[in-house]
Amino acid sequence: MIELTRQPIDDHSLTQLVRRSNCGAVVTFLGTVRDLTGSQVTVALDYDAYPGMAEKKLAEIEAEVRSRWPVGDIALVHRLGHLEVGEVSVAVAVSSPHRADAFDACRHAIDRLKELVPIWKKENWADGTMEWVHPAKAEGGTRKTE
Amino acid sequence: MMQAVRVRLFARLQEIAGSDMLELALPIHSCVQDLRTALRDQVPKIAELLARSQIAVNNEFVGEGAPLSANDEIAIIPPVSGGS
């Protein structure tokens, strides 16, 4: 299941949604609005999307994960609009018979989401300024950490 | 012969251009590369970010040689920052 929403994400419900009796593992990733980026302090983020294409890409990522791992169910939800520090911006929940696959599938899904889906965030900095974030691509092999 | 194409803008591109949509006249049988050139000429302020952006036609990323027609939905996709 994929969704773009302007409502707060109910991550508990998402976790329950993907559970299956044949799946011994459920992995839920939550991306939350962080207060510090380097030395700059965030007070809020605004998320915007190109909706039709974003949904298409989320659906492709779901299909890709299902084709590569034995997935019971998967849910990818991204929130749009104005979010305060600490709020959940994105959730990926995956169930699988065993935990190695559940972890790998969930990791892959969020990595691909951050790479492919036309969604953008605008930082609302503590000094009152705001800027859209359009990162330069990391060179091949470099993995950015959260 | 020219065709009118409309290009959707988002995020910082929208901010720089002052609009969420640009309309351009392009020769028929133009491709994405031609669109980039026309955009740079018409809206020089977006050139730097445009160079770092992908083009999507009908909700799919396309290469520089992809053809464009007046009925296509075209969008400029600047580097994405979804997730957290």
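So that the names make sense, note that chain A is the first sequence line, chain B the second, and so on, each numbered from 1.
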With a 4.5 angstrom heavy-atom cut-off, is it the side chain or the backbone of [X] that approaches chain B, or both, or neither?
X	answer
A:Glu115	backbone
A:Ala49	backbone
A:Val133	both

Study note, to complete from the structure: In short, B:Ala25 meets B:Met2 closest at the heavy-atom pair O-CE, 3.7 Å

Any sub-3.5 Å donor-acceptor pair from [X]'s side-chain atoms to [Y]'s backbone N or O?
X	Y	answer
A:Glu64	A:Arg112	no
A:Trp120	B:Pro78	yes
B:Asp72	B:Ser69	yes

Check your understanding: chain A heavy atoms under 4.5 Å from B:Arg12: which part of the residue, side chain, backbone, both or neither?
Key -> both

Exercise for review: Please state whether the side chain, the backbone, both or neither of B:Glu60 comes within less than 4.5 Å of a heavy atom of chain A.
Suggested key: both

Check your understanding: Mind checking whether A:Trp69 and A:His108 have parallel, tilted or perpendicular rings, split at 30° and 60°?
Key -> tilted

Review point. Relative to chain A, which of B:Gln14, B:Gln54, B:Arg52 shows the most heavy atom pairs under 4.5 Å?
Key: B:Arg52

